[in-house]
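Let me begin by presenting the structure, written as structure tokens, before commenting on it.
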Amino acid sequence: MSMPSGAALRRVASFAAALVLGWFCLLIASCVSRVEPDVVVWHSYRGAEASAIQHVVDSFHQLHPDILVEVVPIPYQAYSSKLASAIPRGNGPDVFLFAQERIGAWSASGLIQPVGQDVNDNLLAEIAPPMLEACTWEGELWGLPVAFKNVALFYNRTALSELGGSPPTNTGEMIGLARRFNDPAAGRFGLVYQISDFYFHAPWIFGFGGALVGDDGLPRLSGEELSASLDFVNSLQNDWSLLPRDSGYNVVKDRFATGNALFVIQGPWFLGELTGVDFGVVPLPVVSETGLPARPLLTVESAFLSGHTLPGRRADALAVMEYLAGYDASVLRAVEGRQNPANTRALQDPRVALDPELSPFAQAGLQGVAMPNHPAMQVIWEPANRILEQTLRGDRPRQEILDDAARDLAIALTPPPPPTSPMPWVLLMGALLLSFAVWSVIRARRVGLVARMVEQKWAYLYIAPAAIASGLLIFVPFFTGAAISFFAHENGEFTFVGLSNFVRILTSSDFGFWEPRSFWFTLAVTVLWTLLNVTLHVCIGLALALLLRDPWVRLRGAYRVLLIVPWAVPNYITALIWKSLFNFNFGAINHLLGVFGVPAVDWFSQFSTAFTANLVTNTWLGFPFMMVVSLGALQAIPRDLEDAAEVDGASKWQRFRHITFPLLKPALIPAIVLGSVWTFNMFNIIYLVSEGGPDSSTDILITEAYRWAFQRQEQYGYAAAYGVLIFGVLLLYTRLTTPKKSAEDA
Amino acid sequence: MAGLQLRHIRKSFGETHVVRDVDVEVAEGEFLVLVGASGCGKSTLLRMIAGLEVPTEGRILIGGRDVTDVRPRDRDIAMVFQSYALYPHMTVRENMAFGLRVRGAADADVARAVDDAADALELTPLLDRYPRQLSGGQRQRVAMGRAIVRRPRVFLFDEPLSNLDAALRAQMRVELKKLHQKLGVTMIYVTHDQVEAMTLADRILLLQGGRVQQCGPPRELYDWPANRYTASFLGSPGMNFLPARLDGDELQAIGVDLRVDAALLTPEAQNGPVVLGVRPHDFRRKGQAGDGFVAARVDVLEPMGWETHVHLSVANASWVARFDATDAWGLEPGQNVRLFVAPSAIRLFDPATGQALCGPPGDDGAQQAS
């Protein structure tokens, strides 16, 4: 086919341009002509819960035809950060549904406003007091409870009747029945639940008489009751082996769904996963030792009024909130959305009270303890989970474990460093910018830059899109991040602290120098991680490339494609698959070891094996890249050179060492530098496979930075400082390796 | 003892036959040139001698030893490649030393051998340079130096002068000849250039389509080609051909009145259709007793300075005659001329098989042919 003529091309181009322009106009028109709703409601529900909300809103509209309500579902992972960023800028909802645990923080930052004064008292009387209590902070009611969620005890009805038992009312009975059912060798377990997740452990703490908050209202992880609860779960796992090691959600689901678990502790979201199992639900049993009920943590989902709702819209928004919490909507949400409503009148309605799935959860929930809403409560999770993991591993004395947790809690609760004056920095930056500007102008003048630019304006126009994109996507975030590292963040406020963050990190003031979570330990682990990985990648990749280029290897086209697959599959999927391969009870690797008579390895219980698991996964991911680079570089080596070396008398190994490898180096070195940088920052594998464990020992710098930002009370400044340090290390590394390259060049 | 023996060598890649039945014995110290057009199998043959390819059938013997199954590095050979194949990341000295080093020679021996070879090829000032800092001719000499250093039994050359310009090529040809005279080692040389073949060879092996067309001293192939292909390959400009009828010792064709020397005819020559061949060098403006002639029309003149190529039309064929510049004086395009040819200069070929129907006098006119 011959090339289309210039005229034809121009016609096609103008047609395409007209299409694009027309599409833009339509888009803008549709934005402009959109009808503005009176109330915007956000939620993060899916499935039945989401459609229930929509029906509630529809029936509201029938009652109030003049109020237009828009419902916007938001994905859960992004939900709270979207709220925090959109509402202050006026882009957020008027009303949103969320759990009540962040009320303390949100009230301080003005994200929500109190509603106690304006809500109908009759409605308030219908709502269960513990729920209202949960939404109260500093004497004011900040949200309107709408529903609650909590865990309960699921049991396999068929298996239970085979044992001749009935649903247990205390832990003694429960354990007795579980032990009779238990047969770990056959894969049957008496009680399966996420034992090292603090959310599931809290009921036992309450059951032994403990609490999560001290008298000062701050989180607390100490006391005899906590110890007693730890002894309890220790015996469950280590004395009676009632549950498999590494019991994550998928293991729990799998064991129960296949009839291999007698008891399971889960929440109402589990109901949808069980088809084909005859099961029942009862509240958690009473702890035999104390006679106290094991009270589950209560997640109270509430409707909140945004702190930035315009006064003119407030009345309508409140009307929506009241309707959501009212009797009719609550029953609808219960029946359709399968949520237990906070409205007691609705709870007593036969449609809800007699529902065999909802009522046990309701019974359990009304005894539950609402998640404390003090802003500091968020920091309790990491230390608490760590206590559980270490207790169950059994490799440290109890007192040490608890002392460490107390220390971690104290560190997490440390107030940010005192603000320092930014003036010296501002002056310095100003001076630098000014001198840079002056220098640029002088340089540009001398070189005649402006004239040259005008002369070559098309060249500059061509690179403009890429330059602007780079600027926006790379440079702006980079400088913003670097700037943040000079601030400390608390509850939405940034205060300037100068170099305090860096000092704190580099002097390792919180942790010993060679303790996990100290910068230096993590740096050492990261360097070791990078070194081992890159070495393995290069060796394996190069070896395979050498194998695959020999013409006598048949089907080498097929091999090449197969070996690219590890690289092509998104690496978080790979990470999750390998994680399950390393599972202690059900993983294929331990199974394979068993075939050779090697005892099963608890991969994630010590640093060396957890590190190995990460290493294996990342090596599997990384060698194809090196293989492809090597294959390409090998093909660039003229065949003649190897023939000449062969005739000269070099053996295969000598040929590789003296001829092939030196000629590969120019191609390999950039690949190695790139690979090192990528591996140094390989977040996915560490985060998903070993999850940084045990005890943050396999965390690398970037996962640490993530945790400081998102798991330890949003210490963005600290995390940003980490980021700057990572950048510094990598910059130094690339500077050191580049000059070497230019000597080998040509 | 023979330096190299090739016994019934065949090579095929699947259905493609690249080399068909080459059988030749090379004397110790002989310079054998494998020559032919592209794709005739000469490089493949050379690579089989080197051991870089394995023959499908046949045996190779070097110095009386069967090396068909022996690895290249144990065959006591050295090879100079068309692209020189110098190791780009090593200096000239290291390039030349490589072969000895990988065999574990002592440092002193290596240094001495390298210095000797460098001296012989005038490479001493270049020893510490890298290949990329050398000219084509210098690289060529380094490649040869690398081969010499190992003192092999057989030298192999794979079109080593192809990448050089004409002047340098001419110079290097002389160098190669001198080298051969000095070292006296068996050399197998592959080229597509007939001038190199003629000037360098002790014997020429002409290949076409994997088959040996003729093998013998250059003079023999030039004067007494065994077949039409050989006749047309050697000599520049190439031999002129014309279909004709042989009747006794007379050749009949339009515009042609030529006679052959009956003493040169082979037993196979019979009256009937033949292809006659005359070399451009064998035409004379003035006839002598016994000469035949061709009536030709001058088409184009190519004056070179020292000689002139005259492009003619003879009957319907395009012929070329070559004259010294003075002899060509007076010829004009469009002119009709008579050019004379001595009977001894005529060659005859079978029109069907291309076999030569002429041979040197004596014996029974038999000639070397495959």
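Below, read A as the first sequence line, B as the second, and so on, with proteins coming before strands; counting in each chain starts at 1. Any value given below was found using the heavy atoms of this structure, including those in side chains, with hydrogens, waters and symmetry copies removed.
With a 4.5 angstrom heavy-atom cutoff, B/Leu52 touches chain A only via side-chain atoms. Contact of B/Leu156 with chain A is not made at all, since no heavy-atom distance falls under 4.5 Å. For chain A, the nearby part of B/Phe81 is the side chain; its heavy atoms alone come within less than 4.5 Å.
Counting heavy-atom neighbours within 6.0 Å of B/Arg151 CZ, excluding the residue itself, gives a total of 12 or less. More than 12 non-hydrogen atoms from other residues, nucleotides or ligands lie less than 6.0 angstrom from CD of A/Gln456. Enclosure of atom CZ in A/Phe475 is not indicated, since only 12 or fewer non-hydrogen atoms of other residues, nucleotides or ligands lie within 6.0 angstrom.
Residues A/Glu646 and B/Arg73 approach most closely at O-CB, 3.4 Å, considering heavy atoms. Annotation for B/His89 and A/Pro662: closest pair CD2-CB, 3.5 Å, computed over non-hydrogen atoms. Residue B/Pro88 comes nearest to A/Leu641 through the heavy atom pair CD-CD1, 3.8 Å, listed as atom of the first residue, atom of the second, then distance. Heavy atoms only, all atoms of each residue included: B/Arg103 and A/Asp648 are closest at NH2-O, 2.9 Å.
One finds the CE atom of B/Met79 at 7.5 Å from the CG atom of A/Asp640 (value rounded to the nearest 0.5 Å).
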(Q) Apply side-chain contact (heavy atoms from CB on, under 4.5 Å) to residues B/Arg47 and A/Asp643 and explain how you reach the verdict. (A) CA-CA 10 Å; B/Arg47 287 174 68 85; A/Asp643 287 343; 3.0 Å; yes
